[in-house]
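See structure below.
What you see below is based on every heavy atom in this structure, not just the backbone, and it leaves out hydrogens, waters and symmetry mates.
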Amino acid sequence: MEFETTRDIPIPSRLVDQVIGQEPSVAIIKKAAIQRRNVLLIGDPGTGKSMLGQALAELLPREELEDILCLPNQNDSHTPRIMTVPGVEGRKIVDHYKQLARKTDQQRSMLLLGIPALVILVGLALQVTNPEGNPILFAILVALVAFFVIGQFRSRRENLVPKLLVDNSESNSAPFNDATGAHAGALLGDVRHDPFQSGGLGTPAHDRVEAGLIHKSHKGVLYIDEVATLNQKTQQQLLTAMQDRQLSITGRSELSSGAMVRTEAVPCDFVLVASGNIDTVRRMHPALRSRIRGYGYEIAVNHVMKDTMENRRKLVRFVAQEITNDGKIPHFSRAAVLAIILESKKRADRKHHLTLRLRDLGGMIRAAGDLAREEGVPFVEARHVFASRNLARSLENQIADKQIERKKEYKIFETVGNIIGRVNGLAVMAGDSGAARGGHITPIEATVTPAQGTGGRVIATGSLRVIARESVQNVSAWFKKYAGTDIRNLDFHIQFLGVHGIDGDSASITIATAIMSDLEGLPVRQDLAMTGSFSVRGTVLPIGGATAKIEGAYEAGVKEVIIPRTNLEDVVLEDKIREAVKIHPVETLEEVLSIALVGWSTRSRDIELDPSTKLQGMRSSRKSLGFPS
């Protein structure tokens, strides 16, 4: 990557060429633009779904655009007529009718002034001939009434002026409308209420019709994020509009006079680009999804891309695009861009990959730019990027910091000494996108007691959710098979200190270590924290958020951490954290116990198990626990 600053990086003019890391999606979007197919995009927030929708609109042909007019119906005023004309022509038609109405309005203005003046003149004449009757006051009163009444009546020409519902006269590309969060009236069209419905004072029905976003997207793209948040009735009407490519506009409120008005069918031949997360698929109206799938494409949007030189170049271009689009921050130096790439690698939470949650990454770019602008330097340097990590910290990270501070203050966890039955676990507070994670310490205590009644139980507190409860059952299964003590008449009590609503199975090795500590009477090192799932056969399995958890341990003052060996390449840390925290990658639960429990000597801490020796290691573990081989 040969460049000095992002000022040297060319930016493509077309939006579709600016999309980063979504090559399969871009290929489908191009096909959808040619064939006018609907698209459903499923993926994490901030991965470029709306940008793909805008790119599709950019690829649609401009020459097909049409204007839509709403005209009065002389036979039925409550059923306004609809007319479509080529783009730009609609504005000309409306201007023509307005010009005719303007001439009529001039005549009405003459009457508005002439009739009251004539009445007053007649009153003056009568006053001269008959001064005793005082007719001038009566004439002035009549003139005022005439002036008010004439002023309230709309001219017939004015009532005939069409309303331009959809105007493409100034559009250079096919329309793109974002209907995310729109209510039924804004999406499907509505008719305004008219408080003056009689006596010639009301507004004509056709003039109260308001086009919906589906009509404004005619010959263009309608984008709806989190499409499943629309109620089922609205989704059904959206489906009808997609099938018929037209939908009449009526008042959406039954209490409004607009409910009596229903236009002729209004064209709405749009391409729907709907998006959401995986839960959206479950909550969508089945018929709406079937329509998209049958007449379009479903796309699972990438949230990571491989860490290759080509993809790093794309990330460099993304930084340049963000700076250009923002227009208020300086360009980045080469070192600053490399710091952004490192952050992307860290946020991917997957070895040899870069994150595509680019909206979050863009926030960090702007924060670093703000710091450089505040200093008055010409370019953003790496130090600004590193400083922006604190400035642009996610809510999850900020909350995790407060939790660590509170736990330190009340000594909910310890970082020195040895305690029986108490282990420092590691957890993350994940955001909606799954990307913004705040690592923190979650102490877990366990005690083993004689069972009350027949048969032992596993009792876990902390409002555990489904996956966490299942992980506790896996731990109990392992003990039933491998523990050297008869546990049938023992109760295992497990407590997650200071937290509620725990989910996930990454605390499995922590729970097992706490139970084994109490069962064997061996203390646990408190300068150590751990995270990892494990199978019922004792193999440590990978978890998510390894980097964030180690950062949380560093913030809490922990010196050593245990993580699954398979997560070792996922870890991306600053040098100061890597130097301060010793990382123990493990493959089996026995390795965990040998590191964490003081006095557990079945294995040397420095021995690295070869996969081929796992079964042999498990057998030796059973022997050490008192089981026959």
Side-chain angles (χ1 to χ4, degrees), residues 11-20 22-41 48-70 82-95 162 164-180 182 187-189 211-225 227 238-247 249 265-275 288 291-299 301 321 325:
I11 298 175
S13 58
R14 295 198 311 171
L15 201 59
V16 69
D17 297 324
Q18 296 181 19
V19 178
I20 305 294
Q22 305 291 350
E23 286 75 17
S25 302
V26 168
I28 293 176
I29 286 295
K30 290 179 177 178
K31 292 183 179 68
I34 296 172
Q35 300 294 340
R36 296 188 63 83
R37 304 296 191 198
N38 301 309
V39 178
L40 175 62
L41 301 169
K49 297 189 293 292
S50 62
M51 191 174 184
L52 288 168
Q54 292 175 9
L56 196 156
E58 184 182 62
L59 295 173
L60 292 176
R62 164 69 177 80
E63 60 272 10
E64 294 184 1
L65 298 184
E66 295 178 339
D67 291 342
I68 301 177
L69 297 163
C70 186
I82 298 297
M83 181 174 69
T84 59
V85 296
V88 183
E89 294 298 320
R91 175 63 60 189
K92 294 178 181 178
I93 293 173
V94 171
D95 290 342
L164 189 57
L165 294 181
V166 177
D167 182 11
N168 286 307
S169 60
E170 298 180 358
S171 299
N172 296 320
S173 60
F176 173 87
N177 289 289
D178 189 344
T180 303
L187 179 63
L188 306 172
L213 290 172
I214 62 170
H215 307 108
K216 294 178 181 179
S217 301
H218 181 56
K219 299 296 183 181
V221 173
L222 177 69
Y223 176 77
I224 306 178
D225 193 12
V227 64
L238 179 62
L239 173 62
T240 300
M242 293 170 61
Q243 291 173 333
D244 299 340
R245 299 182 181 180
Q246 57 183 13
L247 186 72
I249 299 176
V266 183
C268 54
D269 184 10
F270 57 86
V271 174
L272 176 66
V273 178
S275 67
L288 179 60
R291 179 75 185 183
I292 296 174
R293 189 169 61 247
Y295 294 87
Y297 301 95
E298 292 183 328
I299 303 174
V301 179
Q321 288 173 187
N325 293 336

Ionic contact status for [Y] with [X], cut-off 4.0 Å:
X   : Y    : answer
R91 : D167 : yes
K49 : D225 : no
D17 : R14  : yes

Gap between atom [atom2] of [Y] and atom [atom1] of [X] - 0.5 Å precision:
X    : Y    : atom1 : atom2 : value
M242 : I292 : CE    : CD1   : 5.0 Å
I214 : C268 : CD1   : SG    : 4.0 Å
L69  : E89  : CG    : CD    : 10.0 Å
H215 : I82  : NE2   : CD1   : 8.0 Å
L188 : I249 : CG    : CD1   : 9.5 Å
F270 : N38  : CZ    : CG    : 7.5 Å

- Between I93 and M83, the two heavy atoms sitting closest are CD1-CE, 4.0 Å
- In terms of heavy-atom contacts, L187 and A179 come closest through CD1-CB, 3.7 Å
- Query: Would you say the side-chain atoms of R36 pair up with the backbone N or O of D269, donor to acceptor, closer than 3.5 Å?
  - Reply: yes
Going by side chain to side chain contact (heavy atoms under 4.5 Å, CB included), name the residues that satisfy it together with [X], two or more places apart in sequence or in a different chain.
X   : result
Q18 : I11, P12, L15, M51, Q321
A33 : L56, L59, L60
P61 : E63, E64

- side-chain contact (heavy atoms from CB on, under 4.5 Å) between S171 and L65: does it pass, once the steps are laid out? CA-CA 9 Å; S171 299; L65 298 184; 4.1 Å; yes
- Task: Would you check if there is a donor-acceptor pair between the side chains of S50 and Y223 at a distance under 3.5 Å?
- Result: no
- Test K30 against I34 for side-chain contact (heavy atoms from CB on, under 4.5 Å), laying out the working first. CA-CA 7 Å; K30 290 179 177 178; I34 296 172; 5.5 Å; no
- Give the intermediate values and the outcome of side-chain contact (heavy atoms from CB on, under 4.5 Å) for residues V271 and L222. CA-CA 6 Å; V271 174; L222 177 69; over 6 Å; no
- Task: I would like to know whether I299 and V39 meet side-chain contact (heavy atoms from CB on, under 4.5 Å); could you show each step before the answer?
- Result: CA-CA 7 Å; I299 303 174; V39 178; 3.7 Å; yes
- Is any side-chain heavy atom of I68 less than 4.5 Å from a side-chain heavy atom of P267? yes
- Message: Does R291 qualify as a cation-pi partner of Y295, given the criterion of NZ or CZ under 6.0 Å from the six-membered ring centre and within 45 degrees of its axis?
- Response: yes
